[in-house]
Amino acid sequence: MEKITLTTKITMKNLLATTISVALLSLGVMGCSEKKAEEQVTSAAFVTIQGPDLIKPDGSKLFIMGTNLGNWLNPEGYMFKFNKTNSGRFINEMFCQLVGPDFTAEFWKAFKDNYVTREDIRFIKSTGANTIRLPFHYKLFTDEDYMGLTVNQDGFARVDSLVNWCRESDLYLILDMHDAPGGQTGDNIDDSYGYPWLFDSEASQQLYCDIWRKIADRYKNEPVILGYELFNEPIAPYFENMEELNGKLEDVYKKGVAAIREVDKNHIVLLGGSQWNGNFKPFNDSKFDDKIMYTCHRYGGEPTPAAIQNFINFRDSVNLPMYMGEIGHNTNEWQAAFCQTMRDNNIGYTFWPYKKMDGSSFVGITPPENWANIVYFSEAPRATYKEIREARPEQAMARKAMMDFIEACKLKNCVVQEGYIQSLGMK
C-alpha cells in the first residue's frame with residue numbers, strides 16, 4: 001500500500017474543506033435564488049399600477065366594475081327604512097330598547113350570517129362584476145362592543161369567508177374601513193360622535209394604524225384582495241375648521257400606509273378625497289408610496305364628463321388610477337349614462353349598495369310583516385325611559401318582525417333589480 005505523507009493528508013483535508021465550502025455556497029446561492037423566485041411569484045400575483053391603469057397579473061388591464069356590500073358589517077339606518085336612527089350605534093341602541101340586549105345580539109349574529117353569503121357573491125359574479133368593495137367598522141377588529149359581541153370580535157372570520165367566496169367566483173375585493181377610530185367623517189356614516197376626532201386624537205390614530213397593520217399582516221399574501229382603502233369619506237363639510245382638518249388628511253393617510261408597509265409591500269392603498277371623497281386639493285404628495293390609487297364618490301348631478309372633470313384633472317396630474325368607489329341611487333337611465341362617462345374616462349366603479357330594502361340596488365329586500373312597527377319605534381321620541389316604555393310595541397311581534405327580516409334578506413327571497421343591473425353595463 002502506498003504510504004500517505006503528512007503533506008498529502010493536509011492537501012486532501014484542504015481539498016475536502018474546499019469541496020464542502022463550494023457545496024454549501026452553491027446551496028446558499030440556490031436557496032437565495034429560490035427565495036428570490038418565490039418573492040417574484042408572490043409579487044407577480046397581485047394587481048399592480050401602471051400610470052392611470054390597473055394591471056392584472058396576466059398583463060391585461062383591470063377596469064373595476066362591481067358593487068359595495070354596504071350595511072352588512074356597518075349598518076346604516078336608511079337601508080332598514082330608519083331615518084333618525086341612522087348609524088350603527090343608534091340602531092343597536094334602538095334594538096336593545098325594543099327587544100333587549102340578548103335578543104339583539106342573537107339578531108346581529110343571524111344578520112351577519114345571512115345578509116351576505118356565498119350565494120350572494122356568486123350572484124354578483126353572474127352580473128358581470130369583477131370587484132366588490134367591503135365597508136367595515138374598525139370595531140370588528142377590537143374587543144369593543146359591536147353588533148352583539150363585546151370580546152373576540154369576528155372581523156377576521158367574516159373577511160376570511162368573503163375572501164374565499166371571492167376567490168371561488170374570481171372577484172377582486174377592496175377592504176374599506178368605513179368607520180375609523182374616533183370617526184373620520186363626523187356624521188352618521190362613520191358611526192361617530194358628530195366630529196372627525198381621528199384627526200385630533202393621537203390615540204385614535206394609533207389604533208387606526210394598529211388595526212391596518214394587523215389586517216395587512218394577515219392578508220399580505222392574498223392576491224384576491226385588490227387593495228386597502230384606509231378610510232371612507234373623510235371630513236364632512238359641516239365644520240368651521242374644515243380646512244384645518246383637510247390639512248391633516250394626507251399626514252394621517254401616510255401614517256396608515258407606513259403601518260401597512262411594515263408587513264405588506266404587495267397591496268395597493270386607496271386614498272379618498274375629503275368632503276365625501278370629492279375634494280382632492282389636500283393632496284400634495286402622490287409619490288410617498290409606489291402603490292397609490294385615489295378614490296372618488298359621486299351622487300347626483302349630471303351624468304357628464306363635466307360633473308367629474310375635477311377628478312379627471314387630478315388623476316391626470318398625478319398619473320395614477322382614479323376609481324369611483326360609490327355612486328348610485330338614481331334612475332336606470334342616469335346610471336347607464338354615467339357608466340358610459342366613467343368608461344370613456346377610465347374611471348372604474350362600484351355602485352352603492354348591493355342590497356337594501358326595496359330598490360335602488362342590485363337586489364331589494366321586501367319589508368316583512370309588522371316592520372312598520374319597528375320603523376315607528378325607531379322614529380318615536382326615546383330621550384327618556386318613560387318615552388321608551390310608551391313607544392315600545394308588543395315584544396313577541398317585534399321579535400318576530402326582526403327574525404322575519406333575517407329571512408327576507410336572504411338572496412332567495414330578495415327581488416332582483418334587473419333594470420338596475422343592466423344599467424351598469426358590466427356585461
Side-chain angles (χ1 to χ4, degrees), residues 51-54 60-71 76 78-79 120 123-133 135 171-172 174 176 189 226 229 232-233 237 270 272-281 293-365 414-427:
D53 297 326
L54 296 174
S60 63
K61 178 180 171 180
L62 170 63
F63 183 81
I64 292 174
M65 295 184 294
T67 188
N68 287 264
L69 300 182
N71 208 42
E76 289 191 44
Y78 84 98
M79 297 201 214
D120 289 278
F123 172 77
I124 291 170
K125 176 64 177 180
S126 76
T127 67
N130 58 31
T131 304
I132 288 172
R133 179 174 178 254
L171 287 164
Y172 284 111
I174 293 170
D176 153 46
I189 60 170
L226 191 158
E229 187 171 338
N232 172 73
E233 296 188 347
L270 289 82
S274 57
Q275 289 78 64
W276 317 125
N277 277 32
N279 179 9
F280 291 85
K281 292 178 182 178
M293 174 165 73
Y294 291 96
T295 173
C296 57
H297 293 175
R298 182 77 183 188
Y299 290 98
E302 293 298 315
T304 61
I308 55 172
Q309 194 61 51
N310 61 320
F311 302 154
I312 296 168
N313 291 345
F314 177 78
R315 186 268 314 276
D316 292 346
S317 73
V318 296
N319 194 35
L320 291 169
M322 177 65 78
Y323 145 69
M324 186 74 73
E326 290 183 24
I327 192 169
H329 292 320
N330 217 303
T331 66
N332 294 342
E333 294 75 18
W334 183 93
Q335 292 182 165
F338 216 153
C339 285
Q340 187 61 53
T341 292
M342 289 186 286
R343 286 193 295 272
D344 290 344
N345 289 279
N346 194 26
I347 295 178
Y349 48 86
T350 48
F351 270 68
W352 181 279
Y354 161 61
K355 178 188 288 188
K356 70 177 184 64
M357 280 199 170
D358 296 333
S360 192
S361 53
F362 278 51
V363 297
I365 301 169
C414 290
V415 179
V416 177
Q417 311 291 321
E418 296 284 1
Y420 178 100
I421 294 169
Q422 291 172 9
S423 75
L424 309 189
M426 298 187 297
K427 282 189 174 180

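Along the sequence shown, residues are numbered consecutively beginning with 1.
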Novice: Check Thr304 against Thr341 and note the closest heavy-atom contact, atom names and distance.
Specialist: C-CG2, 3.7 Å
Novice: Does a side-chain heavy-atom distance below 4.5 Å link Met65 with Tyr349?
Specialist: yes
Novice: Kindly give the heavy-atom pair with the smallest separation between Leu226 and Met293, and that separation in Å.
Specialist: CD2-CE, 4.0 Å
Novice: What pair of heavy atoms forms the shortest contact from Ile124 to Ala129, and how long is it?
Specialist: O-CB, 3.5 Å
Novice: Is a donor on one side and an acceptor on the other found under 3.5 Å between the side chain of Gln275 and the backbone of Gly273?
Specialist: no
Novice: Measuring from atom OG1 of Thr295 to atom CD1 of Ile174, what distance do you get when rounded to the nearest 0.5 angstrom?
Specialist: 7.5 Å
Novice: Can you name the closest pair of heavy atoms from Gly300 and Phe338 and give their distance?
Specialist: O-CE1, 4.4 Å
Novice: Supply the atom-to-atom distance Asn232 CG to Ile189 CD1, rounded to the nearest 0.5 angstrom.
Specialist: 5.0 Å
Novice: Any side-chain heavy atom of Thr127 within less than 4.5 Å of one from Phe123?
Specialist: yes
Novice: Is any side-chain heavy atom of Trp334 closer than 4.5 Å to a side-chain heavy atom of Ser423?
Specialist: no
Novice: CD1 of Ile312 to CD1 of Ile347: how many Å apart, nearest 0.5 Å?
Specialist: 5.0 Å
Novice: As a test of understanding, state which of Thr350, Leu171, Asp120 forms a side-chain contact (heavy atoms from CB on, under 4.5 Å) with Ile132.
Specialist: Leu171
Novice: Under 6.0 Å from the CD atom of Glu302, do we count more than 12 heavy atoms belonging to anything else shown?
Specialist: no
Novice: Run the side-chain contact (heavy atoms from CB on, under 4.5 Å) test on Tyr172 and Ile64 for me, step by step, so that the C-alpha distance in whole Å, both residues' side-chain angles and the decisive distance to 0.1 Å come before the verdict.
Specialist: CA-CA 9 Å; Tyr172 284 111; Ile64 292 174; over 6 Å; no
Novice: At what distance, to the nearest 0.5 angstrom, does CD of Gln340 lie from CG of Asn345?
Specialist: 10.0 Å
Novice: Can any side-chain N or O of Lys356 pair as donor or acceptor with the backbone N or O of Gly359 at less than 3.5 Å?
Specialist: yes
Novice: For the pair Met324 and Cys296, evaluate side-chain contact (heavy atoms from CB on, under 4.5 Å) and give the outcome as yes or no after the intermediate values.
Specialist: CA-CA 5 Å; Met324 186 74 73; Cys296 57; 3.7 Å; yes
Novice: Nearest 0.5 angstrom please: Asn68 CG to Ser361 OG, how far?
Specialist: 12.0 Å
Novice: Is there a side-chain contact between Phe362 and Leu424 in this structure, where contact means two heavy atoms from C-beta onward sitting under 4.5 Å apart?
Specialist: yes
Novice: For residues Phe314 and Lys281, determine if any side-chain heavy atom of one lies less than 4.5 Å from a side-chain heavy atom of the other.
Specialist: no
Novice: Taking the side chain as every heavy atom from C-beta outward, state whether His329 and Pro353 have any atom pair closer than 4.5 Å.
Specialist: yes
Novice: Please test Tyr323 against Phe311 for side-chain contact (heavy atoms from CB on, under 4.5 Å), starting from the C-alpha separation and ending with a verdict.
Specialist: CA-CA 9 Å; Tyr323 145 69; Phe311 302 154; over 6 Å; no
Novice: Using a strict threshold of under 4.0 Å (side-chain N to carboxylate O), is an ion pair present between Arg133 and Glu326?
Specialist: yes
Novice: Between Cys414 and Lys355, what is the shortest heavy-atom contact and its length?
Specialist: SG-CE, 4.0 Å
Novice: Does the side chain of Asn319 reach to within under 4.5 Å of the side chain of Pro52, using non-hydrogen atoms?
Specialist: yes
Novice: Atom CD1 in Ile327, atom CD in Gln335: separation rounded to 0.5 Å?
Specialist: 7.5 Å
Novice: Is the closest side-chain heavy-atom distance between Arg298 and Met342 below 4.5 Å?
Specialist: no
Novice: Going by the angle between their ring planes, with limits at 30° and 60°, are Phe351 and Tyr420 parallel, tilted or perpendicular?
Specialist: perpendicular
Novice: Determine, step by step, whether Trp352 and Tyr299 satisfy the side-chain contact (heavy atoms from CB on, under 4.5 Å) criterion, reporting the C-alpha distance in whole Å, the side-chain angles of both residues, the deciding distance to 0.1 Å, and the verdict.
Specialist: CA-CA 10 Å; Trp352 181 279; Tyr299 290 98; 3.2 Å; yes
